[in-house]
Amino acid sequence: MKKILLIAALFSIFNLQSSILQAQITHASQGQLDENATAALQKAAKRMDNMRCTVTRTVLDGQKQQQAKHTATVRYHHGKYRLEVAGQEVISDGTTIWHWNKQAKEVTITAASDDDMDLLNPGRLVANHAKNFKAKYIRTDDDGSAVIDLQPRSAQSYHKLRLFIAEKDGTLRRIEMHKYDSGREIYDFSGHKFSLPTASFTFDPKAHPEVEVIDMR
């Protein structure tokens, strides 16, 4: 049971879904489409369709004091992903998720969520942003980043996501989650590599006979 909880904790590091504040009133409204924001987000979605990068997550409290910091390597491809951190992997083919704890020699299998607001898979979130968010183009920073705010159309544990996207080529540089208590979770994307060769987005138990499979679907 402790091993299962460890895998679940790994997943929660980058899974930003929360049901804690479902009763919270969101600031989102329907309104008109922001064409500048939409163009930048579409470019980012296309750019992330086949990409590998390093993701660093920093958690700040309401006084902007750092509470935690984690770094992972992530590969995205057509809505699939493979995340590696601290000797563990989270792998998804879009239908199934494998939580592989290499040290414990266990893999836990769960069904993938259809949620398009999951920052574990920001490519999908950006590609489907219009359904779940109201987008607003804020400014262009000196480094050429388009700054775009996404306000959720339904109640979440945060009131906006702020994205920093390179205007030149659509590379996603940062996502900031702004919470109601003034805390933030910051996701910095670096070391981008694109147009990568085909990779596996499944876990093959036959290739790892020493790993115990726990199927929770």
Side-chain angles (χ1 to χ4, degrees), residues 1-18 44-45 47-59 66-127 161 163-165 170-177 185-217:
M1 178 60 70
K2 291 182 178 180
K3 294 176 181 177
I4 295 174
L5 291 175
L6 177 61
I7 297 170
L10 167 70
F11 185 66
S12 68
I13 287 175
F14 288 92
N15 182 0
L16 303 182
Q17 296 310 300
S18 174
R47 190 72 164 153
M48 293 186 68
D49 198 47
N50 187 4
M51 180 184 84
R52 182 172 69 240
C53 65
T54 297
V55 182
T56 300
R57 172 182 179 260
T58 304
V59 180
Q66 181 175 305
Q67 300 299 305
K69 191 170 186 177
H70 310 278
T71 299
T73 300
V74 188
R75 169 76 188 271
Y76 302 108
H77 184 73
H78 295 314
K80 306 172 184 179
Y81 61 84
R82 190 171 190 128
L83 181 152
E84 300 179 33
V85 57
Q88 302 188 51
E89 291 190 38
V90 179
I91 308 165
S92 176
D93 63 359
T95 302
T96 303
I97 297 175
W98 294 266
H99 303 252
W100 181 14
N101 186 325
K102 296 180 180 179
Q103 183 176 3
K105 296 182 179 180
E106 285 185 349
V107 61
T108 302
I109 306 174
T110 56
S113 170
D114 291 330
D115 202 325
D116 293 328
M117 301 176 73
D118 183 1
L119 284 193
L120 187 64
N121 193 356
R124 181 172 172 178
L125 179 149
V126 172
L161 300 176
L163 279 60
F164 297 77
I165 299 169
T171 298
L172 179 64
R173 292 173 171 169
R174 170 181 281 202
I175 298 178
E176 296 179 355
M177 172 191 283
E185 293 188 16
I186 301 172
Y187 293 74
D188 287 306
F189 298 78
S190 61
H192 302 77
K193 294 185 179 181
F194 304 95
S195 302
L196 301 170
T198 302
S200 173
F201 291 90
T202 61
F203 178 88
D204 183 2
K206 293 181 180 179
H208 304 279
E210 76 286 359
V211 176
E212 179 184 0
V213 177
I214 304 171
D215 195 334
M216 301 182 67
R217 288 172 292 182

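We use all heavy atoms of the structure for the numbers below, so side chains are in, but hydrogens, waters and symmetry mates are not.
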Novice: Applying salt bridge (Lys or Arg N to Asp or Glu O under 4.0 Å), can you list everything that pairs with Arg75, at least two apart in sequence or on another chain?
Specialist: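 With neighbours one apart ignored, the set is empty.
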
Novice: Verify whether one side chain among Asp49 and His78 offers a donor that lies under 3.5 Å from an acceptor in the other.
Specialist: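 Result is yes, a qualifying pair exists.
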
Novice: Excluding sequence neighbours, so at least two apart, what forms salt bridge (Lys or Arg N to Asp or Glu O under 4.0 Å) with Arg52?
Specialist: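 Checked Arg52 against salt bridge (Lys or Arg N to Asp or Glu O under 4.0 Å); zero matches.
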
Novice: Roughly how far, to the nearest 0.5 Å, is OG1 of Thr95 from CZ of Phe201?
Specialist: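 Nearest 0.5 Å value for the CZ-OG1 distance: 13.5 Å.
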
Novice: Locate the shortest heavy-atom distance separating Phe189 from Tyr76; write the atom from each residue and the value.
Specialist: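 Minimum heavy-atom separation between Phe189 and Tyr76: CE2-OH, 4.2 Å.
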
Novice: Specify the closest pair of heavy atoms between Gly94 and Ser92, including all atoms of both residues, with the distance to one decimal.
Specialist: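 Smallest heavy-atom distance, with atoms named: N-OG, 3.1 Å.
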
Novice: Which pair of heavy atoms, one from Leu172 and one from Pro122, lies closest together, and at what distance?
Specialist: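 Shortest heavy-atom contact: CD2-CB, 4.4 Å.
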
Novice: Going by the rule side chain to side chain contact (heavy atoms under 4.5 Å, CB included), which residues pair with Ser200 if we only count those two or more places apart in sequence or in a different chain?
Specialist: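 Expected list: Arg82, Thr202.
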
Novice: Do Leu125 and Leu161 come within less than 4.5 Å of each other through their side chains, counting heavy atoms only?
Specialist: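 Result yes, sub-4.5 Å side-chain heavy-atom pair found.
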
Novice: With rounding to the nearest 0.5 Å, note down the distance linking CD in Glu176 to CD1 in Ile186.
Specialist: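 Here the interatomic distance stands at 5.0 Å.
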
Novice: Treating Asn101 as the side-chain partner and Glu106 as the backbone partner, does any N or O pair qualify as donor plus acceptor under 3.5 Å?
Specialist: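 Between the backbone of Glu106 and the side chain of Asn101 there is no qualifying donor-acceptor contact (under 3.5 Å).
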
Novice: Strictly by side chain to side chain donor-acceptor pair (under 3.5 Å), give each pair with a member in residues 203-215 just once, sequence neighbours left out.
Specialist: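 Every side chain to side chain donor-acceptor pair (under 3.5 Å) pair that includes a residue of residues 203-215, provided the two are not neighbours, is Asp215-Arg217.
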
Novice: Please enumerate all residues that pass side chain to side chain contact (heavy atoms under 4.5 Å, CB included) together with Val213, with sequence neighbours excluded.
Specialist: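 Side chain to side chain contact (heavy atoms under 4.5 Å, CB included) list for Val213, sorted by chain: Val107, Ile109, Pro205.
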
Novice: Can you sort out the partners of Gln67 under side chain to side chain contact (heavy atoms under 4.5 Å, CB included), two or more places apart, ordered by chain and number?
Specialist: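 Gln67 satisfies side chain to side chain contact (heavy atoms under 4.5 Å, CB included) with Val59, Asp61, Gln65 only.
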
Novice: Mind checking what makes side-chain hydrogen bond (donor to acceptor under 3.5 Å, both in side chains) contact with Gln66, not counting sequence neighbours?
Specialist: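 None.
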
Novice: Applying side chain to side chain contact (heavy atoms under 4.5 Å, CB included), name anything that partners Ala45, two or more places apart in sequence or on another chain.
Specialist: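 Once residues adjacent in sequence are excluded, the partners of Ala45 under the side chain to side chain contact (heavy atoms under 4.5 Å, CB included) criterion are Val126, Ala127.
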
Novice: If you compare all heavy atoms of Ala72 against all heavy atoms of Val85, which two are closest, and at what distance to 0.1 Å?
Specialist: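 Nearest heavy atoms, Ala72 then Val85: CB-CB, 3.8 Å.
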
Novice: Please name all residues satisfying side-chain hydrogen bond (donor to acceptor under 3.5 Å, both in side chains) with Arg47, sequence neighbours left out, ordered by chain then number.
Specialist: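 Applying side-chain hydrogen bond (donor to acceptor under 3.5 Å, both in side chains) to Arg47 gives Asp169, Thr171.
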
Novice: Can you sort out the partners of Lys102 under side-chain hydrogen bond (donor to acceptor under 3.5 Å, both in side chains), two or more places apart, ordered by chain and number?
Specialist: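 side-chain hydrogen bond (donor to acceptor under 3.5 Å, both in side chains) check on Lys102 returns Glu89.
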
Novice: Quick one: pull up OH in Tyr81 and CE in Met51 and give me the separation to the nearest 0.5 Å.
Specialist: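 Answer for the OH-CE pair, Tyr81 versus Met51, is 14.0 Å.
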
Novice: Thr110 and Met216: which non-hydrogen atoms are nearest, and at how many Å?
Specialist: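 Of all heavy-atom pairs spanning Thr110 and Met216, the closest is CG2-CB, 4.3 Å.
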
Novice: What closest approach, in Å, do Thr96 and Ala112 show between heavy atoms, and which atom pair accounts for it?
Specialist: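 Distance-wise, the nearest heavy atoms are N-CB, 3.9 Å.
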
Novice: Can you tell me how far CD of Glu84 sits from OG1 of Thr54, rounded to the nearest 0.5 angstrom?
Specialist: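 So the OG1 of Thr54 and the CD of Glu84 are separated by 10.5 Å.
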
Novice: From Thr58 OG1 over to Lys69 NZ, what is the distance, rounded to the nearest 0.5 angstrom?
Specialist: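 So the gap between those two atoms works out to 4.5 Å.
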
Novice: Could you measure the distance from the CD1 atom of Ile175 to the OH atom of Tyr187? Nearest 0.5 Å is fine.
Specialist: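 Going from CD1 on Ile175 over to OH on Tyr187, the span is 8.5 Å.
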
Novice: The criterion is side-chain hydrogen bond (donor to acceptor under 3.5 Å, both in side chains); which residues satisfy it with His192, sequence neighbours excluded?
Specialist: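 Result, side-chain hydrogen bond (donor to acceptor under 3.5 Å, both in side chains) vs His192: none returned.
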
Novice: Report the residues that fulfil salt bridge (Lys or Arg N to Asp or Glu O under 4.0 Å) with Asp188, sequence neighbours left out, ordered by chain and then residue number.
Specialist: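 By the salt bridge (Lys or Arg N to Asp or Glu O under 4.0 Å) rule, Asp188 matches Arg174.
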
